[in-house]
J.: 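My structure is below; once you've seen it, I'll send some questions.
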Amino acid sequence: MNNNLQLYNTLSRSKEKFEPLNPPNVGMYVCGPTVYGDAHLGHARPAITFDIVFRYLMHLDYKVRYVRNITDVGHLENDADEGEDKIAKKARLEELEPMEVVKHFTDRYHKNMDQLNVLHPSIEPTASGHIIEQIELIKSILDNGYAYESEGSVYFDVKKYSNDYDYGKLSGRKLDDLLENTRTLTGQQEKKNSYDFALWKKTDPKHLMHWPSPWSEGYPGWHLECSAMGAKYLGETFDIHGGGMDLLFPHHESEIAQSNACRGHDPVHYWMHNNMITIDGQKMGKSLNNFITLDEFFSGKHKALDKAYSPMTIRFFILQAHYRSTVDFSNEALHAAEKGMQKLFNTVELIDKLTPSSNSSVDVQHFKDSLYAAMDDDFNTPIAIAQLFELSKIVNQVNDGKETLTASDILFIQNLYSVFVFEILGLISENIKGNDDQLVDQLMGAILSLRQDAKQNKDWATADKIRDELGKINIKVKDTKEGAVWNIE
RNA sequence: GGUACCGUGGCCGAGCGGCUAGGCGGUGGUCUGCAAAACCAUAGACAGCGGUUCGAAUCCGCUCGGUACCUCCA
């Protein structure tokens, strides 16, 4: 399997050549959503980022098993530190079963991901469905002496672990620093050290979601599910683990610790982290209460939005920034993304209509290399998109008769667009006109023919009225050299 | 306070020591009955101050400003 793919590994803080452990197979695990609320723009980022990774690896002919979990065992609420499960709290408020809430938001998440044209992962395991695996993991960590039981709960012994392994290797933390900076939280006195984290937490009376275990009726600690499910479906060591930068510490750091504590080796070869989406320069997040849900973007129903933005506009907007940079939301930026993407799709339609020449006046062959080079360089989608815009410019120039292309070069561009725009970037044209509604086509043909007659008679008032009226129902008419064309906006 | 990172033209956003990134917007043109689209041309930038170098947006230091994370929220 030849590839030139370089990806940034958080573990080494540098780009590394991608070499899978068992080619052509690749195992990838990504931290999925906690299903206690509607997905917002912040959820779209990791989903789309790793969708690109998934798509590109498959394009390179790897056999990818992509595991993205659903976290349905919630834990403490951020500002309501009463030991109440996030999902349980929402359930009580709305008088629903916790699993009913889980089902509701899981379905909505799936719907949003489909709208964004995010491919389904190969496996989508739930935390609640893997309690047994998590308990087994705790047992083995206890057996190896890296955890201790206290008041029915089990805690990971970070200090003990640090004697044998490097706790902080991923996030760059130092144990001494951690000791000095700890919030006051419930259950703190049960722990040997403030930086120890829970593997199993004894339930409190208010807690709705709990399971039996050797230690108490309770629920698993927050980092455990990924360690358990990653190992179950991808093996004790797998290639890529992804997630948001906000999960770097403590979540992923602790995952590494847990795996070492029970198996004696690291679980993951490449750690990838996408950056945040910001709004007014701040991370968009549930706990900050500054999020805009995806449904609100799609409908335009949010006070911060000028208008509705289509799922593909959101996808394109996210892809126009590199995944390791923050991307700042604004109406202006989304307008730009919308217009730019439309330009790209106009080009796609135009390619089919180009007239081939006997020779090409411009070199288009090098675009293939530059497109692959962009993707190979740590999935640099903004560069890839810039290349596609360059191609778009050439296509337009050919259409205007200012440059020429041979039939094979035209086919070459068609293929590049098909591979990069649709297959790898996962963009789909939202031009509704593309469907096979013959009646609409015929109706439009009749209307535009009437307008053509009016134009012939220099009856501009009638011609403009037809265009304006169609405009009111979002049908846009454009006069070109080849006659009027229309599309639904 | 600690750790990681960022500061690029009106906006978004690439860039990893020398070569126009790109998109949106602006301006001037071509085309068009008008509009739209398209094309051509054009303006505009590297937070500040030092240093390294023949040469720095890119490397180093300091200053200023901002973000994320810092253990039982996933």
Side-chain angles (χ1 to χ4, degrees), chain A residues 10 13 15 31-34 36 69 71-81 83 85-87 127 153 155-156 158 168 171-174 176-178 180-183 185-188 190-191 193-199 201 221-223 225-226 243-251 253-254 275-276 278 281-283 286-287 316-317 320-322 324-344 346 350 374 380-383 385-390 393 396-397 399-402 455 458 460 463-464 467-468 471 476-481 485:
Chain A
T10 309
R13 309 262 165 203
K15 285 181 199 168
C31 293
T34 303
Y36 66 96
N69 65 299
T71 296
D72 56 355
V73 180
H75 292 281
L76 286 176
E77 193 84 318
N78 207 5
D79 43 355
D81 287 352
D85 189 298
K86 266 189 180 178
I87 288 169
S153 293
Y155 294 99
F156 191 91
V158 173
S171 59
R173 310 283 155 143
K174 299 276 174 286
D176 294 345
D177 300 334
L178 291 172
E180 294 159 17
N181 299 291
T182 310
R183 293 182 286 171
L185 292 156
T186 55
Q188 205 73 278
E190 295 174 6
K191 301 196 282 187
N193 287 295
S194 57
Y195 43 59
D196 290 347
F197 56 88
L199 296 174
K201 189 78 177 160
W222 48 326
H223 317 305
E225 57 179 273
C226 295
M245 262 183 189
D246 50 347
L247 299 176
L248 223 162
F249 189 88
H251 187 53
E253 190 73 62
S254 301
N275 215 318
M276 304 290 101
T278 58
Q282 261 203 321
K283 168 186 164 186
K286 180 94 177 165
S287 52
F316 191 77
F317 169 68
Q320 267 195 307
H322 187 257
R324 283 191 288 116
S325 301
T326 55
V327 54
D328 199 48
F329 151 83
S330 70
N331 279 286
E332 217 176 341
L334 282 173
H335 281 299
E338 187 176 47
K339 291 285 291 252
M341 186 180 64
Q342 196 52 55
K343 184 173 178 171
L344 228 45
N346 287 344
L350 202 55
N380 200 324
T381 53
I383 298 271
I385 288 170
Q387 296 301 311
L388 292 170
F389 276 119
E390 296 285 347
K393 187 171 182 174
N396 285 321
Q397 285 172 331
N399 186 52
D400 279 13
K402 289 178 176 152
K455 284 177 68 177
K458 295 207 189 301
W460 309 125
D464 288 351
R467 188 173 60 197
D468 293 346
K476 195 171 189 179
V477 175
K478 290 181 279 194
D479 292 324
T480 69
K481 283 173 213 150
V485 296

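Below, all heavy atoms of this structure are taken into account, side chains as well, without hydrogens, waters or symmetry copies. Labels below follow one simple rule: chain letters A, B, ... track the order of the sequence lines, proteins then strands, and each chain is numbered from 1. These numbers come from a predicted model, not from an experiment.
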J.: Which whole number of Å gives the distance between the P atom of B:G10 and that of B:C19?
T.: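 That atom pair is separated by 22 Å.
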J.: Closest to the A:Asp400 side chain: B:A38, B:A14, B:G33?
T.: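 In terms of side-chain proximity for A:Asp400, the closest of B:A38, B:A14, B:G33 is B:A38.
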J.: Counting just side-chain N and O atoms, does A:Asn380 come under 4.0 Å of either OP1 or OP2 of B:G13?
T.: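 Indeed not, no polar side-chain atom of A:Asn380 lies that close.
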J.: Per the atom types in the model, does the base of B:C34 pair as donor or acceptor with the side chain of A:Arg467 at under 3.5 Å?
T.: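 Per atom types, the contact qualifies.
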J.: Using modelled atom types only, decide if a donor and an acceptor are shared between the side chain of A:Lys283 and the backbone of A:Met276 within a distance under 3.5 Å.
T.: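 The answer is no, because no donor-acceptor pair under 3.5 Å joins these two groups.
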J.: Whole angstroms only, please: what is the CZ-P distance between A:Phe329 and B:U67?
T.: 18 Å
J.: Kindly point out which of B:C11, B:A14, B:G13 is positioned nearest to the side chain of A:His322?
T.: B:A14
J.: Let's go through A:Asn69 and A:Thr71 carefully: what are the C-alpha distance in whole Å and the side-chain angles of both, what is the deciding distance for side-chain hydrogen bond (donor to acceptor under 3.5 Å, both in side chains) to 0.1 Å, and is it a yes or a no?
T.: CA-CA 6 Å; A:Asn69 65 299; A:Thr71 296; 3.0 Å; yes
J.: Under 6.0 Å from the NZ atom of A:Lys286, do we count more than 12 heavy atoms belonging to anything else shown?
T.: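 More than 12 within 6.0 Å, yes.
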J.: Which atom pair, heavy atoms only, marks the closest approach of A:Glu253 to A:Gly168?
T.: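 Taking A:Glu253 first and A:Gly168 second, the nearest heavy atoms are OE2-N, 2.8 Å.
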J.: Under 4.0 Å between a side-chain N/O of A:Ser325 and OP1 or OP2 of B:G13, yes or no?
T.: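 A:Ser325 to B:G13 OP1/OP2: no side-chain N or O under 4.0 Å.
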J.: Once rounded to the nearest 0.5 Å, what's the spacing between atom CG of A:Asp246 and atom SG of A:Cys31?
T.: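 The CG atom of A:Asp246 sits 9.5 Å away from the SG atom of A:Cys31.
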J.: Using a heavy-atom cut-off of under 4.0 Å over every strand shown, decide if A:Asp328 touches base, sugar-phosphate, or nothing.
T.: sugar-phosphate
J.: Only counting residues at least two apart or in another chain, list the ones meeting salt bridge (charged side-chain N to carboxylate O under 4.0 Å, His left out) with A:Asp464.
T.: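 With sequence neighbours excluded, A:Asp464 shows a salt bridge (charged side-chain N to carboxylate O under 4.0 Å, His left out) to A:Arg467, given in chain and number order.
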J.: For A:Arg324 and A:Asn275, work out which heavy atoms get closest and say how close.
T.: O-ND2, 2.9 Å
J.: Mapping A:Lys458 and A:Met245 to their closest nucleotides on RNA chain B, which lands nearer the 5' end?
T.: A:Lys458
J.: What's the spacing between A:Asn380 CG and A:Gln387 CD if we round to 0.5 Å?
T.: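 Rounded to the nearest 0.5 Å, the CG-CD separation comes to 10.0 Å.
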J.: Expressed as a whole number of angstroms, how long is the span from A:Arg324:CZ to B:C6:C1'?
T.: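 Distance, rounded to whole Å: 13 Å.
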J.: Taking the C1' atom in each of B:U27 and B:G44, what is the distance between them to the nearest angstrom?
T.: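 To the nearest whole Å, 12 Å.
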J.: Expressed in angstrom and rounded to an integer, what is the separation of A:Lys478 atom NZ from B:C39 atom P?
T.: 12 Å
J.: Just how far, in rounded Å, is C1' of B:A38 from CG of A:Asn399?
T.: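 Spelled out: CG on A:Asn399 to C1' on B:A38 is 8 Å.
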J.: Side chain of A:Arg13 only, heavy atoms from C-beta on: which candidate in B:C5, B:C69, B:A36 is closest?
T.: B:C5
J.: In Watson-Crick or G-U wobble terms, both distances under 3.5 Å, what is the partner of B:C16?
T.: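 Pairing partner, where one exists within any strand: none, as none qualifies.
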J.: Any chance you could measure A:Phe316, atom CZ, to A:Thr381, atom OG1, to the nearest 0.5 Å?
T.: 9.5 Å
J.: Suppose we define a pair by two distances each less than 3.5 Å, Watson-Crick or G-U wobble; what does B:C5 pair with here?
T.: B:G66
J.: B:C16 and B:U58: how far apart are their C1' atoms, nearest whole angstrom?
T.: 6 Å
J.: Using only atom types and a distance under 3.5 Å, with no angle test, would you say the side chain of A:Ser325 pairs donor to acceptor with the backbone of A:Ala321?
T.: no
J.: Take atom P in B:A45 and the same atom in B:G22, then report the distance between them in whole Å.
T.: 16 Å
J.: With heavy atoms under 4.0 Å as the rule, sort A:Leu199 into base, sugar-phosphate or nothing.
T.: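 A:Leu199: no heavy atom of the nucleic acid under 4.0 Å.
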J.: Determine the Euclidean distance between corresponding C1' atoms of B:C46 and B:G17; express it in Å to zero decimal places.
T.: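 About 15 Å, rounded to a whole number of Å.
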J.: For nucleotides B:G18 and B:G55, find the distance between their C1' atoms and express it as a whole number of Å.
T.: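 One C1' to the other, the span is 6 Å.
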J.: Could you check how far NZ of A:Lys283 sits from C1' of B:C5, rounded to whole Å?
T.: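 Checked: the NZ to C1' distance equals 15 Å.
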J.: Considering only atom P, compute the distance from B:G26 to B:A36 and round it to an integer number of Å.
T.: 11 Å
J.: Just name whichever nucleotide pairs with B:U53, Watson-Crick or G-U, keeping both distances under 3.5 Å, else none.
T.: none
J.: Under 4.0 Å: is that the gap between some side-chain N or O of A:Asn396 and OP1 or OP2 of B:C39?
T.: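 Result: yes.
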J.: Please state how far atom CG in A:Asn275 lies from atom P in B:A68, giving the value in whole angstrom units.
T.: 10 Å
J.: How many Å lie between CG on A:Asn331 and C1' on B:G25, as a whole number?
T.: 15 Å
J.: Polar atom pairs between nucleotides 17-24 of chain B and protein, under 3.5 Å, N or O only, would you list them?
T.:
none

J.: For A:His223, report the nucleic acid contact type (base, sugar-phosphate, nothing); a contact means any heavy atom under 4.0 Å.
T.: nothing
J.: Write down the distance between CD (A:Glu338) and C1' (B:C12), rounded to a whole number of angstrom.
T.: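 One finds 14 Å between C1' of B:C12 and CD of A:Glu338, rounded.
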J.: May I ask you to say what A:Val158 touches in the nucleic acid, namely base, sugar-phosphate or nothing, with a heavy-atom cut-off under 4.0 Å?
T.: nothing
J.: I want to verify a distance call: between B:A37, B:U71, B:C5, whose nearest atom is closest to the A:Pro250 side chain?
T.: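 My answer, after comparing the listed nucleotides, is B:U71.
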J.: I'd like the C1' distance from B:A57 over to B:A14, given in whole Å.
T.: 12 Å
J.: My understanding is that a pair needs two contacts under 3.5 Å, Watson-Crick or G-U wobble. By that rule, which nucleotide pairs with B:A41?
T.: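 B:A41 is paired, partner B:U27.
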J.: With a 3.5 Å cut-off and heavy atoms only, can you find an N or O donor on one side and an acceptor on the other between the side chain of A:Asp479 and the base of B:C34?
T.: yes
